[in-house]
2 protein chains.
Amino acid sequence: MGAVTARDLARHLGVSQSMVSRAFSPGASVAPAMRARILRAAEELGYRPNVIASALSRRRSSLVGIVMAELTNPFYPAVLEQLNAALREAGFQSLLITIPPGGSADDALPMLRQYHVDAVVLTSASLSSASASHWLGDGRAAVLFNRTAIGPTRLDSVACDNVGGGRMAAEALLAHGCRNPAFVAGRADTSTSHDRERGFRAALAGHGLTPLRIEAGDFSYEAGHRAARALGGADGVFFANDILALGGLDALRHEMGRRVPDEVAVIGFDDIPMGAWPAYRLTTLRQPVPEMIDRTIGLLRARLGGDDAPPRAERLPASLLRRGSL
Amino acid sequence: MGAVTARDLARHLGVSQSMVSRAFSPGASVAPAMRARILRAAEELGYRPNVIASALSRRRSSLVGIVMAELTNPFYPAVLEQLNAALREAGFQSLLITIPPGGSADDALPMLRQYHVDAVVLTSASLSSASASHWLGDGRAAVLFNRTAIGPTRLDSVACDNVGGGRMAAEALLAHGCRNPAFVAGRADTSTSHDRERGFRAALAGHGLTPLRIEAGDFSYEAGHRAARALGGADGVFFANDILALGGLDALRHEMGRRVPDEVAVIGFDDIPMGAWPAYRLTTLRQPVPEMIDRTIGLLRARLGGDDAPPRAERLPASLLRRGSL
DNA sequence: ATAAGACTTGCATCCGTATGCAATCCGGCC
DNA sequence: GGCCGGATTGCATACGGATGCAAGTCTTAT
């Protein structure tokens, strides 16, 4: 490993290794001229601080674990890409953990702990509150992304206002003239599906309506496709997310021969790229992903900076994106 | 940071820290009884070796960098998920690097080097041969996934037989009766697009045909959509990959009113999930992703084990997956 | 001019694990 | 019973940087 070390560089310059180290730590006590000299020499000799050694010594790795469960839902790759970019910009590097369907993030935490990850961002994965508080125990941070804590936890979360989104879906269907609305639920143990349904029901109840409820059981195209068969005479359907909605749309149009939106209006949630394709033109509730990511980074920074305030639940508004399915 | 260290555990047991370390290194010299005792105590006290410290000392991090450029092409999330799982199973942890569109993997390597990543898997990203050999310099491994080395490199690669796949596409179109075939190319600097085109042209040439060639310029739905408008009177189109093909299909059907496959046959490459959806039923060439991943892991293992053989280019056959578009 | 400060720099040590080498132990065999 | 050799164990140190503390340098105010 011919890598240049801080010592090599120090010897080359006739200074101490400490100075090299300090030249690379913002805010350390180094004369500007010295820092410049060191940085220039580092450039020449190709020295770059060894992050591993640094992590060992500082007890901070600049690694952030991203826990993802549903990479097959196109919403998440998009999140992953943006989140990864944002983390990098914030000076972190992402360690990716994917959870097998139905698995819990609990299993992943020990591994992340071993890697001395500074923080975790949990998307679409459940976490027992036991491991959560264990995790938070020692200066580590954790943020739930697109999930809210179930039960009493000390976990921060960032999500869009799913309840409000559900309400908007209801209003849009009502305005379109629907009288027989239906809701297709996704995985039962997710706060997103719950909250969206809650808002939807509440708004409908205000008009004396109760939606037909169908359990898709899962957030997948196939589940949406199957669920659509149980729709009966519904004239408007709110799917818990877009991937379900696309499956539903295909079933409604190609298998059941129903015209959308004339006979059935369809609305989804997330705004995944495929929803915009001409074959679908899905009307949906857009999640403000970039803003959500900003908040996430903000929370991480604050927590790692020692912020001890009670857990925050950031809620960002969804917005109705009208296309052709409603 | 109350983490239990090897020393704590050693003190607790009245043995030396070395023994604890050895108890956790397979193949080390430890009496079976001693190892059992240590492992049991570790369990009780909640000791887990600190991977960071271990990496520093062994100069092996068990980290593998995954470099991805096109997470928006649904083929890659699927690859990522499987690759990540396979790496984990092989005892590695993935560090994810995403490259902005058009960026080069070169920029990512310094960072990966800093993290003492043992190996990199490069998907859909180009790498100059200079940085490649620099990288390979010191015991690190690198594998190109779904790409082949351009020019003389010492890089291993795993991909499917794109040339053969292109040939199969041509044969399928010919068998279907096409006389005016077209090829829609993706990003110009990718070996995949090149190779697929090469096989396609060669097979057509055998029948005295030359395909109309359209540059989509990019591997995206939108690019495919645009490209389709230039198709003119082609009666069969081979798109360089599925995401292009889906865009093309939508344009052909919804914008240009052409019936598929009767007026135009369409064939793609990759086998992404959306291709199977009823709205598309895209005929395509399936890449054997699980096998490709197996080979990738195999190569990494071999190289990290000190295998110094000349670079290998693993080629796995694509297979025609007939659906409704041809 | 001189002493109190404010900066800079170097020294020594720590972070937690791995590992070459020497010391020790044990069983078996003559 | 004593000696030999392999299996175990402990010691000491390396990995590459970070950082508290003391020493040294340069201002600046009196």
Side-chain angles (χ1 to χ4, degrees), chain A residues 1-39 41-42 45-63 91 110 113-118 138-139, chain B residues 1-39 41-42 45-63 91 110 113-118 138-139:
Chain A
M1 208 79 71
V4 186
T5 72
R7 265 169 187 99
D8 298 337
L9 185 57
R11 204 172 310 129
H12 175 79
L13 287 172
V15 301
S16 72
Q17 175 262 322
S18 320
M19 292 318 294
V20 174
S21 169
R22 286 196 257 256
F24 282 88
S25 350
S29 161
V30 208
M34 165 97 328
R35 169 168 276 145
R37 190 154 74 99
I38 294 178
L39 293 182
L45 301 199
Y47 167 75
R48 317 222 33 178
N50 179 330
V51 189
I52 300 280
S54 162
L56 178 58
S57 164
R58 299 193 315 132
R59 280 97 163 286
R60 277 277 167 105
S61 61
S62 297
L63 286 172
R113 180 187 302 281
Q114 279 193 294
Y115 276 93
H116 276 215
V117 155
D118 291 341
D138 27 46
Chain B
M1 239 37 102
V4 186
T5 73
R7 247 182 275 278
D8 298 337
L9 185 58
R11 204 172 309 129
H12 175 79
L13 287 172
V15 301
S16 71
Q17 176 263 323
S18 318
M19 293 319 292
V20 175
S21 169
R22 286 197 257 257
F24 281 87
S25 347
S29 161
V30 207
M34 166 71 48
R35 168 170 276 147
R37 191 154 74 97
I38 293 177
L39 293 182
L45 301 200
Y47 167 75
R48 316 219 39 177
N50 179 329
V51 190
I52 300 281
S54 166
L56 179 58
S57 177
R58 298 192 317 133
R59 281 101 158 284
R60 275 281 166 102
S61 62
S62 295
L63 286 173
R113 180 188 301 280
Q114 279 194 293
Y115 276 94
H116 276 214
V117 156
D118 292 342
D138 28 44

Any base atoms under 4.0 Å from [X], or only sugar-phosphate, or nothing? Heavy atoms, all strands.
X	answer
B:Thr5	sugar-phosphate
A:Ser54	sugar-phosphate
B:Ser29	base
B:Arg35	nothing
A:Val20	nothing

Inset, instruction - Apply side-chain contact (heavy atoms from CB on, under 4.5 Å) to the pair B:Asn50 and A:His116, showing each step before the final yes or no. - result: CA-CA 8 Å; B:Asn50 179 329; A:His116 276 215; 3.1 Å; yes
Inset, instruction - For the residue pair A:His12 and A:Asp8, establish whether any side-chain heavy-atom pair is separated by less than 4.5 Å. - result: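 No. Closest side-chain heavy atoms not under 4.5 Å.
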Inset, instruction - Find the distance A:Asn50:CG to C:dC15:P and express it as a whole number of Å. - result: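 Nearest whole value for this atom pair: 18 Å.
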Legend entry - Euclidean distance, atom CD of residue B:Gln17 to atom P of C:dA18 [Å, nearest integer]: 8 Å
Legend entry - Nearest-nucleotide 5' precedence on DNA chain D, B:Val15 against A:Pro49: B:Val15
Inset, instruction - Report the residue (B:Met19 or B:Ala53) whose heavy-atom-nearest nucleotide on DNA chain D is the more 5′ of the two. - result: B:Met19
Legend entry - A:Tyr47 and A:Phe24 aromatic centres sub-6.0 Å: yes
Any donor-acceptor pair under 3.5 Å joining the side chain of [X] to the base of [N]?
X	N	answer
A:Ser25	D:dT19	no
A:Arg22	C:dG10	yes
A:Arg58	D:dG17	no
A:Arg59	C:dG16	no

Inset, instruction - Check whether any side-chain nitrogen or oxygen of A:Ser57 sits under 4.0 Å from OP1 or OP2 of C:dC15, and answer yes or no. - result: no
Inset, instruction - Compare side-chain N and O positions of A:Tyr115 against OP1 and OP2 of C:dG16 and report whether any pair is under 4.0 Å apart. - result: no
Legend entry - Any donor-acceptor pair under 3.5 Å from B:Ser25 side chain to B:Ser21 backbone: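 Looks like yes, one N/O pair under 3.5 Å.
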Inset, instruction - Choose from D:dT8, D:dT19, D:dT9 the nucleotide whose nearest atom is closest to any side-chain atom of B:Met34. - result: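 For the B:Met34 side chain, the nearest candidate turns out to be D:dT9.
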Legend entry - Nearest-nucleotide pick for A:Ala6, side chain only, options being D:dG17, C:dT8, C:dT17: D:dG17
Legend entry - Separation of A:Arg48 CZ from B:Arg113 CZ (nearest 0.5 Å):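 If we round to the nearest 0.5 Å, B:Arg113:CZ and A:Arg48:CZ are 9.5 Å apart.
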